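Everything numeric here is computed off the predicted structure, so don't read it as measured data. Below, chains carry the letters A, B, ... as their sequence lines are ordered, and counting in each starts from 1.
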Amino acid sequence: NAGVMQNPRHLVRRRGQEARLRCSPMKGHSHVYWYRQLPEEGLKFMVYLQKENIIDESGMPKERFSAEFPKEGPSILRIQQVVRGDSAAYFCASSRQGNTEAFFGQGTRLTVV
Amino acid sequence: QQQVKQSPQSLIVQKGGISIINCAYENTAFDYFPWYQQFPGKGPALLIAIRPDVSEKKEGRFTISFNKSAKQFSLHIMDSQPGDSATYFCAASLNTGNQFYFGTGTSLTVIP
């Protein structure tokens with residue numbers, strides 16, 4: 001079974017551009033979580049989605065950030081007009097249901113120059 | 001406010017020794033407690049997890065001890081090996097399952 005697939009693994013964007021991060025959950029998983037990790041820091045929750053629904057976006061900045069998990073295709077985390085402070089590793093995790101085993105992808109390392 | 005407090009921040013253990021990492025929480029509504037292992041440049045990997053209805057769970061060299069009354073849980077790595085050198089995160093989630101609250105991580109170094 002393939003694990004959680006994230007792409008791209010590395011992404012470089014200039015200030016003001018858009019970053020689009022993709023996450024394909026494990027087979028049979030319909031719950032997706034996005035987390036951000038700064039160097040030498042822990043994992044900060046951003047958003048929790050189920051198919052076609054945003055369940056909890058309490059960790060997501062109000063502006064420039066959005067997430068979706070369509071009926072078909074991967075979950076997308078979108079960052080508009082990126083700034084240097086958006087440089088971080090972004091991880092997604094998937095699970096069969098909430099409050100149970102969640103498996104992380106290898107992350108997308110975003111660098112804003 | 002840090003929902004899950006983890007200590008120590010870093011830990012050095014001799015090969016063959018026992019590594020112990022501790023976590024504490026306040027919210028009694030947490031009912032799922034996983035531990036993750038992360039190597040540099042990789043994503044966190046689920047190691048072992050426990051629910052509050054048991055006090056201990058063992059998988060190979062990894063054991064979680066859970067103290068519900070003290071609201072604490074810990075990871076014990078027996079016979080620690082250099083390959084165990086990584087960052088370890090504890091986490092907790094509510095029964096609503098909306099997110100996992102992570103500790104700040106422990107950098108473990110096992111020296112030969």
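- Under the ring-ring contact (aromatic ring centres under 6.0 Å, His included) criterion, F89(B) pairs with no residue, sequence neighbours left out.
- Under the 4.5 Å side-chain criterion, counting only non-hydrogen atoms from C-beta, T109(B) is not in contact with S10(B).
- S65(B) and N67(B) are not linked by any side-chain donor-acceptor pair at a separation below 3.5 angstrom, with hydrogens and angles left out of the test.
- When heavy atoms are compared at a cutoff of 4.5 Å, E101(A) approaches chain B by way of both its backbone and its side chain.
- If you measure heavy-atom distances from P44(B) to chain A, the contacts under 4.5 Å come from both the backbone and the side chain.
- Each of A102(A), G107(A), S95(A) has some count of heavy-atom pairs under 4.5 Å with chain B, and the biggest count is that of A102(A).
- Contact annotation for Q6(B): neither backbone nor side-chain heavy atoms come within less than 4.5 Å of a heavy atom of chain A.
- Scanning for ring-ring contact (aromatic ring centres under 6.0 Å, His included) contacts around F91(A) gives an empty result, with sequence neighbours left out.
- Among R109(A), E41(A), Q6(A), the residue with the largest count of heavy-atom pairs under 4.5 Å with chain B is R109(A).
- Relative ring orientation between F104(A) and Y36(B) is described as perpendicular, the plane-to-plane angle rising above 60° on a 0-90° scale split at 30° and 60°.
- Both the backbone and the side chain of F100(B) come within contact range of chain A, judged by heavy atoms closer than 4.5 Å.
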